[in-house]
Visitor: 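Just passing along the structure, written as structure tokens.
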There are 2 protein chains.
Amino acid sequence: MSSEELAARGQTTAAQVRKDLSHFGSFGKRGLGYPVDELRARLRRILGIDRTWNVGLVGAGRIGLALFEYPAFRARGFDCVAIFDSDPEKIGRELGGVVVQDPSAFEEAVRALGIELIVLAVPAEAAQEMAQRGVDAGVRGILNFAPIRLNVPPRVPVEDVNLVMELEALSFQISKDEPDA
Amino acid sequence: MSSEELAARGQTTAAQVRKDLSHFGSFGKRGLGYPVDELRARLRRILGIDRTWNVGLVGAGRIGLALFEYPAFRARGFDCVAIFDSDPEKIGRELGGVVVQDPSAFEEAVRALGIELIVLAVPAEAAQEMAQRGVDAGVRGILNFAPIRLNVPPRVPVEDVNLVMELEALSFQISKDEPDA
DNA sequence: TCGCGCTTGTGAAAAGATTCACGAATGTAG
DNA sequence: CTACATTCGTGAATCTTTTCACAAGCGCGA
Ligand SMILES: NC(=O)c1ccc[n+]([C@@H]2O[C@H](COP(=O)([O-])OP(=O)(O)OC[C@H]3O[C@@H](n4cnc5c(N)ncnc54)[C@H](O)[C@@H]3O)[C@@H](O)[C@H]2O)c1
Ligand SMILES: NC(=O)c1ccc[n+]([C@@H]2O[C@H](COP(=O)([O-])OP(=O)(O)OC[C@H]3O[C@@H](n4cnc5c(N)ncnc54)[C@H](O)[C@@H]3O)[C@@H](O)[C@H]2O)c1
């Protein structure tokens, strides 16, 4: 497949595709394009998704459960192996083979199960504490839904999901074309 | 408040704050900094969040309901005034004052209620169709959770939320420091 | 084997974003 | 009223990203 076709599929340009790929190596064959299967395999390796990641879910509330039940994560190699929630009502309940645990078991479970990524879906007040405890226990990356800026060492990447801001981005794009209301 | 202090809070630099703001006008006073209340008011206006937006939720599944019950949206001016789902089990149920409707009522409701934004939380197969129907009915922006690229006219902004990619971004950042596994 | 049609990989150019640095305002204190 | 300590707004300089454009490589068919 040529960079031209990859670009069309990825909503970008052929030059961009080639430059981006060339940053990681030389994948294509001149006159022929890129061998799709091999390219995918090498990109999976570069992205670090050529393996399974053990994920811990912190907070079994509305968003946490929606995520846990979303099959696409496991299908893409992100395996939620533990759930933690402070609500006594929820502790002990089983969800798809995983039992909700008390947060006091967090550090132990991170180490025992080899959890490298956590999804933080707890109220903002609890997020910083759980992030810190996770990092101390060996967590290497955090997907954060709480609307606060987490303070963690720079070696631990954090991806923030802020859906209110996504809506605000829409409202800005819509409003900016209107001189005045 | 000075650009220095704004920068510290926003994880950026003073020069960046000043350049960004200057792009929209001249808000500060030399020697003094920016008047916070007025700055906030003017930024809200620029972002288009100085008013309420009527939002329609398409798909009352796991993620859709989690979003609907999330109070931060209404608190920030995004008011979910209608819910649509094709599941007969769900149609007619009331959730926080809003009744789940059959998708056949979609266009009518968009017009009647003045829905300008929709949240697409339906399976990927249904997303394009509902996007198109929304746009035809007058929807002006789409927050899309379905893992497909929507085809809509350029005047309608789309914000995609792809949580698998967020996790992949973490795995990449973690893996890239390791020469080899 | 040679020529031809494609397509990559990559320097160079262009465009875009960030940082620097300083003149011009602004309030304050004496 | 003047001197001074601040801090904005903004051109110029720097850094980054994207786009351009083309030599070099590849397979194919004659
Ligand atoms: N619901 C949404 O659509 C949505 C969207 C974006 C962001 N968020 C954010 O995600 C977070 C969770 O939102 P939610 O709507 O799922 O809230 P929720 O109240 O439904 O769930 C939070 C869960 O966290 C648990 N919890 C509290 N403290 C805990 C701790 N220390 N350890 C483990 N569990 C703990 C609670 O028992 C509860 O079950 C919040 O920060 C919210 O701002 C939610
Ligand atoms: N659950 C998650 O954590 C998650 C995360 C990211 C993205 N997504 C995406 O969000 C979408 C919804 O995911 P989900 O987990 O909530 O799925 P879900 O199956 O729980 O919910 C989907 C809902 O949409 C309804 N529906 C189907 N066709 C419809 C139509 N034409 N009009 C109106 N409603 C219709 C179904 O009846 C169902 O209630 C999917 O595209 C999924 O890939 C989900």
Side-chain angles (χ1 to χ4, degrees), chain A residues 1-48 149 154-155 157-160 162 165-166 168-177 179-180, chain B residues 1-48 149 154-155 157-160 162 165-166 168-177 179-180:
Chain A
M1 184 178 292
S2 69
S3 56
E4 195 76 52
E5 189 177 347
L6 288 169
R9 298 204 186 195
Q11 206 102 112
T12 180
T13 64
Q16 192 70 67
V17 167
R18 294 203 300 278
K19 256 285 193 282
D20 287 357
L21 292 178
S22 77
H23 194 260
F24 294 104
S26 188
F27 302 107
K29 276 199 165 53
R30 299 176 179 205
L32 273 191
Y34 298 87
V36 174
D37 286 347
E38 191 198 318
L39 179 62
R40 180 165 45 219
R42 295 185 65 177
L43 288 178
R44 288 174 59 85
R45 188 171 181 78
I46 289 165
L47 289 173
R149 197 181 302 284
R155 86 189 123 83
V158 175
E159 292 286 328
D160 287 298
N162 189 326
M165 278 196 197
E166 305 275 347
E168 290 176 346
L170 290 177
S171 98
F172 170 59
Q173 290 179 75
I174 294 170
S175 306
K176 74 178 200 287
D177 311 317
D180 206 37
Chain B
M1 185 178 291
S2 68
S3 55
E4 194 77 50
E5 190 177 346
L6 289 169
R9 299 204 186 194
Q11 208 103 107
T12 178
T13 65
Q16 191 69 67
V17 168
R18 293 202 300 277
K19 252 297 190 266
D20 287 358
L21 291 179
S22 78
H23 194 260
F24 294 105
S26 188
F27 302 108
K29 278 202 165 52
R30 301 179 176 196
L32 272 192
Y34 298 87
V36 174
D37 286 347
E38 191 198 318
L39 178 62
R40 180 167 45 221
R42 295 184 65 179
L43 288 178
R44 286 174 61 84
R45 189 172 182 77
I46 290 164
L47 288 174
R149 197 179 302 284
R155 87 190 121 83
V158 175
E159 291 286 327
D160 287 298
N162 188 325
M165 278 196 195
E166 305 276 346
E168 290 176 345
L170 289 176
S171 98
F172 171 58
Q173 290 180 71
I174 294 170
S175 307
K176 74 177 199 288
D177 311 317
D180 207 37

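Chain letters run A, B, ... following the sequence lines, proteins first and then strands; every chain starts at 1.
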Visitor: Measure the distance from CG on Leu21(A) to C1' on dG9(C) and round it to the nearest whole Å.
Guide: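 About 11 Å, once rounded to whole Å.
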Visitor: Rounding to a whole Å, what distance do you find between Tyr34(A):OH and dT7(C):C1'?
Guide: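 Rounding to the nearest Å, OH of Tyr34(A) and C1' of dT7(C) are 9 Å apart.
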Visitor: Is it the case that dC26(D) (base atoms only) and Arg30(A) (side chain only) share a donor and an acceptor within less than 3.5 Å, ignoring hydrogens and angles?
Guide: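 Answer is no: no donor-acceptor pair is held.
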Visitor: Take atom CZ of Arg18(A) and atom P of dG9(C), then tell me their distance rounded to the nearest Å.
Guide: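 Whole-Å distance recorded here is 8 Å.
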Visitor: In whole angstrom, what separates Asp20(B)'s CG from dT19(C)'s P?
Guide: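 So the CG-P distance, Asp20(B) to dT19(C), works out to 10 Å.
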Visitor: Whole angstroms only, please: what is the NZ-P distance between Lys29(A) and dG9(C)?
Guide: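 So the two atoms are 10 Å apart, to the nearest Å.
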Visitor: Using atom CG of Leu6(B) as one end and atom C1' of dC8(D) as the other, report the distance to the nearest whole Å.
Guide: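 Computing the Leu6(B):CG to dC8(D):C1' distance gives 12 Å.
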Visitor: In terms of heavy-atom contacts, does CE of Met165(A) have more than 12 from other residues, nucleotides or ligands at under 6.0 Å?
Guide: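 No, not enclosed.
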Visitor: More than 12 heavy atoms of other residues, nucleotides or ligands under 6.0 Å from CD of Glu4(A): yes or no?
Guide: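 Open.
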Visitor: When you check the phosphate oxygens OP1 and OP2 of dA17(C), does a side-chain N or O of Gln16(B) lie under 4.0 Å from one of them?
Guide: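 Indeed not, no polar side-chain atom of Gln16(B) lies that close.
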Visitor: Taking side chain as C-beta onward, heavy atoms only, is Leu43(A) less than 4.5 Å from Leu21(A)?
Guide: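 The answer is yes, as the side chains (C-beta and beyond) meet within the 4.5 Å cut-off.
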Visitor: Where the side chain of Ser171(B) meets the backbone of Leu47(A), is there a donor-acceptor pair that is under 3.5 Å apart?
Guide: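 Yes, the answer is positive, given that a donor and an acceptor are paired below the 3.5 Å cut-off.
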Visitor: Return the 5'-most residue of the pair Gly31(A), Thr12(B) with respect to DNA chain C, ranking by each residue's nearest nucleotide.
Guide: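 With Gly31(A) and Thr12(B) compared, the 5'-side residue is Gly31(A).
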Visitor: Using atom NZ of Lys19(A) as one end and atom C1' of dA14(C) as the other, report the distance to the nearest whole Å.
Guide: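 Computing the Lys19(A):NZ to dA14(C):C1' distance gives 13 Å.
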Visitor: Grab the CZ-C1' distance between Phe24(A) and dG9(C) for me, whole Å please.
Guide: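 For the pair Phe24(A) CZ and dG9(C) C1', the rounded distance is 16 Å.
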Visitor: Just to confirm, is there a sub-4.0 Å distance from OP1 or OP2 of dT7(D) to any side-chain nitrogen or oxygen of Ser3(B)?
Guide: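 Looking at the OP1 and OP2 atoms of dT7(D), neither is under 4.0 Å from any side-chain N or O of Ser3(B).
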Visitor: Using OP1 and OP2 only, check whether a side-chain N or O of Thr13(B) sits under 4.0 Å from dT19(C).
Guide: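 Answer is yes, contact under 4.0 Å.
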